[in-house]
Amino acid sequence: MAELEVSPEQFWTLRDRIRQKLFAGLNPQQFKTVESGLGPVLCLAGAGSGKTTAMVNRVLHLLLFGPAYEEKDYMPLGVKAEDLTAMEFWLGQEGSAGKSSTLPERIRNLISYQGVDPRSILAITFTNKAAQEMKDRIAPMVGPAINKMWVMTFHAACLRILRQEIAVLGYDNNFVIYDTQDQLQVIKDALKQLDLDDKKYKPKSMSMFISKYKSELKAPDQIVISKGNVYEEKALRVYTLYQELLIKNNALDFDDLIMLTVILFQKHPEILDKYQERFRYIMVDEYQDTNHTQYMLIKLLAEKYRNICVVGDDDQSIYGFRQADIRNILEFEKDYPEAKVIKLEENYRSTQKILEAANKVISKNKGRKDKRLWTQNPEGHQLVQYLASDEKDEARFVAEQISKLLVVGAEFQDCAVLVRTNAQSRALEEWFIRTNIPYKLIGGTNFYERKEIKDILAYLKFLSNPSDSVSLLRIINVPRRGIGDATVQKLIAYSQQNNVTIGQVLDNLDDLNLGARAFKGLVDFRQLIEKFREMLGKATITELTETILKETGYLQELISEASYESQSRVENLHEFLTKTQEYDEIVPEPNLSEFLSQVSLVSDLDTFEENSGYVAIMTMHSAKGLEFKNVFLVGMEEGIFPHFRSFDEIGGLEEERRLCYVAITRAQERLYLIAAKQRNLYGQHNYNPPSRFLRDLPEELCEIHQNGEDFFQTVKEPRKLEARQASQNLNRIKSKLSPGGVAYSLGDKVIHDKWGEGVVVAVRGEAEEQELSIAFPGEGIKNLLTKYAPLVKG
DNA sequence: ATCTTACCGATTTTT
DNA sequence: TCGGTAAGAT
C-alpha cells in the first residue's frame with residue numbers, strides 16, 4: 001500500500017499541541033520566558049516566582065523547538081502517517097503533561113527538527129548549588145544532552161576556558177587557584193617585601209582594595225590615585241607586587257578567574273569568536289549580583305548573537321559589598337534596547353500576609369523596577385513580633401516557639417533562624433543546646449578551609465604546581481621536621497636573590513650554609529616530594545593522598561595526639577578521602593590540577609541538606625535562594641539590622657532593606673520577627689531601638705508580643721529592687737492579658753517571689769488555667785495556678 | 001621549637 | 001566577650 005499523504009498542517013498542529021502540553025504547568029509569564037529564545041530577554045523574577053522552572057524549561061524549549069517557534073512553514077522529511085498517530089497517542093496519554101521524558105525518541109527527533117545543538121547552550125549561575133539544581137532538573141527532561149551544555153558557575157566556566165587558553169596570557173595551564181587565605185599570605189609577603197607595616201596597611205584591607213579593582217577590570221597600571229593619598233598609593237604598590245607574585249607562583253585568585261577570561265577575550269578576538277560561535281544561547285541566573293567584570297564577560301560572549309536571557313531580581317541585590325552592581329540589571333535595556341522584559345510576579349512560596357509584608361518593606365526603596373508579588377496561596381497566619389528583654393530571652397522565645405510548632409506537626413528542618421551577623425548565633429546555640437533542639441550552623445568555616453584540609457591540599461597543590469611557594473611554605477615544616485623559621489627565611493632570601501622559585505632552591509641546598517638538622521630536614525622533605533611526584537599521573541588522587549598522609553607522618557601525629565580536636569581532624573581527613581574517591585570514580589584518568597580546582601570552587605553551602613532534621617541557623621545572606629516553612633528573624637534592632645555600618649555607606653540602607661526583603665520572603669507559612677531591648681554584644685550592653693523594618697510592617701498583619709519578665713532578672717543592681725518587684729507584678733498582669741504569653745512545661749526552672757528557685761515537676765491544664773506543681777528545694781512541692789502565682793521563668 | 005601571654009578587632013562573603 | 005594572631009620566654 002502506498003504511503004498516506006501527510007500534510008505539513010497536520011504535523012504542525014500536532015507538534016504545537018505537544019508543545020502546549022509539555023509546558024502546560026507554566027504561567028503565562030514563565031511561558032513567555034521559555035519560548036523567547038531569540039534575542040535579549042530580561043526576566044525579572046521575584047522571590048519564589050519559579051524562575052528555575054522557567055530557566056529549565058527554556059533550555060528544554062530551545063532543544064526541542066529551537067529559538068524561534070514562529071517559523072513553521074515546512075516539515076522535516078520522512079514524516080509518516082504512523083508518526084502522526086504516535087503523536088496523537090502521546091497527546092492522549094494521561095500523566096504525560098510536562099514530561100518530555102515520556103516522548104518516544106522518534107517523535108522527539110521529528111518535532112525537534114529546528115532544535116538547537118545542546119553544545120551551544122551556556123547557563124551561568126553564582127553558586128554550585130544553583131548550577132547543580134538546574135542540572136538535576138534539566139537532566140531528566142533532556143537526557144544525555146545535559147553533558148554537552150555548560151551549566152555552571154561563573155568561576156567554573158572561566159576556569160574551564162582558562163585551562164584551555166591561558167597560555168597566550170603567559171600563564172602555565174596547570175595554575176592553581178588561591179583562596180582567601182592563600183591570598184592574604186601573598187599580600188603579607190608583598191607587604192614585607194615593600195617594607196610596609198601590616199598594622200597600618202592591613203592585609204584584609206589590601207585584599208579588599210585589590211578585589212575592588214579587579215572587579216572593575218582594572219590592572220595596577222590602569223589605576224590613578226589622587227595625589228597625596230599615601231594610603232592608596234601604597235595599596236596600589238601592594239596590588240602591583242601581589243599580582244607579580246601570583247604570576248610567579250603560577251596562581252590565580254578568584255577574581256583573576258573572571259578578570260583574566262575577559263582580558264583573554266579582549267586581547268584575542270579570535271578566541272572570543274570561538275566561544276561566541278559556540279555559546280549562541282546564554283542564560284545568566286541572579287543577574288543582579290554580577291559585578292562589572294562578570295557583566296563584561298557576558299556582554300562579550302553575547303555580543304555576536306545577542307541571544308541572552310538574564311534572570312534576576314533587583315530587589316534581591318544584597319552583594320553590593322562584593323562589588324555586585326545593581327545597575328547591570330537596572331540598565332539591561334540600555335545595552336539591549338530590543339530586549340523583551342518579562343516579569344514573574346506570581347509567588348508560589350509564601351502566604352499572602354508574608355508577601356504583603358515583604359512588598360511593604362521593599363516599596364520604600366527608590367529606583368527599583370516596578371513590580372509587586374502576589375500569590376494564590378492562602379492568607380496565612382499573622383506575623384509574630386516579639387520584643388524580647390535580651391538576647392537570651394530572644395533565644396528562649398525562638399526555642400519555645402519551635403517546640404510549639406513541633407506540636408502542630410512541624411519538623412526541625414522546617415525551621416530556620418536567620419541572623420544578620422554570625423556573632424548573633426552564639427546565644428541561640430547556647431539555648432538550643434540547653435533545650436536539646438538539634439541545630440546546624442550553616443555557612444561558618446568551609447570544609448576546605450579547615451587547617452588539616454588546607455595542609456593536605458597544600459601538599460597536593462605544590463605537587464601539581466611546583467611554582468606554588470605559598471603552599472610549599474605552608475607544609476615545609478608540617479608535620480615538624482626541624483625546619484625552623486630561620487631556615488625558611490634563608491630559603492626565601494636565596495630564592496629572591498637568584499630569582500628562582502623556592503621549590504628550585506630545594507635542589508641547591510648546598511649553596512646555603514645550613515645547620516645539620518635543618519639540612520637533614522630539607523633533604524628528607526625533598527625526598528618525600530620526589531617520591532610523591534613520581535606517583536603523579538599513575539596513582540589515583542586517593543592513593544596519592546593516602547600516601548602523603550602516611551609517609552609524612554601527618555595522620556600518625558594527629559592520631560597519637562588523641563585529643564578531641566585531633567580526632568575531629570582525622571575524621572575530616574577521612575571525609576576528604578571520600579571526596580577524592582568520588583572524584584576518582586567519575587574521571588577516566590586522574591588529573592590533579594583538575595581535582596584541585598574543583599575543590600577550590602566548592603563551598604559549604606553546597607553541602608547544605610534541606611531535610612536534615614536540624615533547625616538551620618544562618619545569616620540572611622546565606623539564606624538567599626532557600627525557603628523554610630517557619631522563619632525566625634532575630635536581632636531586629638537598629639544597629640544590628642539595619643547594621644550600623646550601613647548607616648554611612650552610600651546605598652547602605654537600601655541594601656539592608658533588600659536584605660530584609662530577602663529574609664522575609666524565605667518564609668512559606670510563618671514568620672517571626674524578634675527584637676531585644678537589651679543585647680550584649682562584644683561584652684557590652686547595648687540598648688537598641690527596634691528596627692525601622694518592624695515599623696514598616698502593616699500593623700494589621702502582626703500579632704505583637706512583649707514578654708518582659710526575664711528583663712528584670714538581667715538587671716542586677718540591688719537598689720532597683722523595689723522597681724523590679726513593681727515591674728514584675730506589672731508584667732504578670734500583662735502576661736495574663738496576652739494569651740500564650742507564658743507557657744510552662746516540665747523541667748522549667750522558675751523563680752517564685754517567696755520561695756525562690758524551683759523546678760516544674762507537673763503541668764495540668766492549658767494557658768491561663770494552667771496549674772503547676774513546683775519543687776522548691778527546702779520547701780517541698782507546691783501546687784500553683786499560673787494565673788495567680790508570682791512566678792517568673794528562670 | 002614550642003608554649004604562654006597580651007593585644008586587637010569584631011557585617012554580610014555565592015567563588 | 002571571645003577568638004585569633006603576634007611577639008616573648010624557656
Side-chain angles (χ1 to χ4, degrees), chain A residues 124-132 152-159 177-181 183-184 188 198-199 202-205 207-208 211 214-215 252-259 285-286 288-291 293-294 316-324 391 418-424 426-427 442-446 448-449 451 477 479-488 517-518 521 597-606 608 618-626 635 639-647 649 652 655-656 658-660 662-663 679-686:
Chain A
I124 297 278
T125 63
F126 273 84
T127 64
N128 294 303
K129 189 165 183 273
Q132 196 54 50
M152 52 182 88
T153 63
F154 270 103
H155 292 83
C158 289
L159 172 72
I177 298 169
Y178 277 0
D179 65 17
T180 324
Q181 283 177 51
Q183 226 182 77
L184 287 177
K188 282 181 194 160
D198 65 359
K199 298 250 162 59
K202 296 202 186 85
K204 279 226 182 76
S205 156
S207 86
M208 275 167 66
S211 179
K214 283 191 177 179
S215 354
L252 311 195
D253 63 22
F254 288 136
D255 296 319
D256 281 340
L257 285 171
I258 322 263
M259 183 181 75
D285 191 17
E286 306 279 16
Q288 76 284 351
D289 289 337
T290 49
N291 64 29
T293 317
Q294 289 156 338
Q316 292 187 67
S317 164
I318 55 172
Y319 283 102
F321 66 94
R322 285 185 53 113
Q323 318 313 132
E391 77 277 359
L418 307 186
V419 295
R420 173 68 244 265
T421 65
N422 288 120
Q424 289 169 254
R426 171 167 264 115
I442 316 289
T445 356
N446 260 337
Y448 292 104
E449 278 166 14
K451 186 184 178 300
N477 198 33
R480 300 207 168 80
R481 42 177 81 90
I483 304 167
D485 197 44
T487 313
V488 170
R517 193 161 143 194
S597 28
Q598 264 189 34
V599 160
S600 311
L601 300 181
V602 163
S603 84
D604 240 17
L605 218 64
D606 304 327
F608 170 65
M618 62 177 105
T619 63
M620 296 170 179
H621 282 88
S622 333
K624 195 173 127 188
L626 304 175
I640 303 283
F641 188 40
H643 195 273
F644 70 93
R645 295 286 282 266
S646 72
F647 293 157
E649 282 166 11
E655 181 145 316
E656 294 288 300
R658 291 193 290 268
L659 184 57
C660 185
V662 168
R679 182 177 296 274
N680 287 342
L681 203 63
Y682 308 133
Q684 290 197 318
H685 301 296
N686 293 77

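Order of the sequence lines sets the chain letters (A, B, ...), proteins ahead of strands, with each chain counted from 1. No experiment lies behind these values; they were computed from the predicted model shown.
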Legend entry - Flag side-chain contact, heavy atom, 4.5 Å: A/Ile177 against A/Leu159: yes
May I have the distance from [X] (atom [atom1]) to [N] (atom [atom2]), rounded to whole angstrom?
| X | N | atom1 | atom2 | value |
| --- | --- | --- | --- | --- |
| A/Met152 | B/dT14 | CE | C1' | 17 Å |
| A/Lys214 | B/dT15 | NZ | P | 19 Å |
| A/Asp255 | B/dT14 | CG | P | 13 Å |
| A/Asp285 | B/dT15 | CG | P | 13 Å |
| A/Ile258 | B/dT15 | CD1 | P | 12 Å |

Legend entry - Short side-chain N/O contact to B/dT15 OP1/OP2 from A/Asn128, under 4.0 Å: yes
Inset, instruction - Select from A/Ser600 and A/Arg517 the residue whose nearest nucleotide in DNA chain B is closer to the 5' end of that strand. - result: A/Arg517
Inset, instruction - Using modelled atom types only, decide if a donor and an acceptor are shared between the side chain of A/Ser211 and the backbone of A/Met208 within a distance under 3.5 Å. - result: no
Inset, instruction - If a protein heavy atom is under 4.0 Å from the base, mark B; if only from the sugar-phosphate, S; if neither, -; do that for nucleotides 3-12 of chain B going 5' to 3'. - result: ------SBBB
side-chain hydrogen bond (donor to acceptor under 3.5 Å, both in side chains) partners of [X], counting only residues at least two apart:
| X | value |
| --- | --- |
| A/Thr421 | A/Gln424 |
| A/Asn477 | none |
| A/Arg420 | A/Glu656 |
| A/Ser597 | A/Arg163 |

Inset, instruction - Mind telling me if B/dT11 is syn or anti? Syn here is a glycosidic angle within 90° of 0. - result: syn
Would you indicate what [X] reaches in the nucleic acid, counting non-hydrogen atoms under 4.0 angstrom: base, sugar-phosphate, or nothing?
| X | answer |
| --- | --- |
| A/Asp289 | base |
| A/Arg658 | nothing |
| A/Leu159 | nothing |

Legend entry - Span of DNA chain C, from the first to the last nucleotide whose atoms fall under 4.0 Å of chain A heavy atoms: C/dT1 to C/dA6
Legend entry - Counterpart residues, ring-ring contact (aromatic ring centres under 6.0 Å, His included), relative to A/His621 (two or more places apart): A/Tyr319, A/Phe321
Legend entry - salt bridge (Lys or Arg N to Asp or Glu O under 4.0 Å) partners for A/Lys202, two or more places apart: none
Legend entry - salt bridge (Lys or Arg N to Asp or Glu O under 4.0 Å) partners for A/Asp255, two or more places apart: none
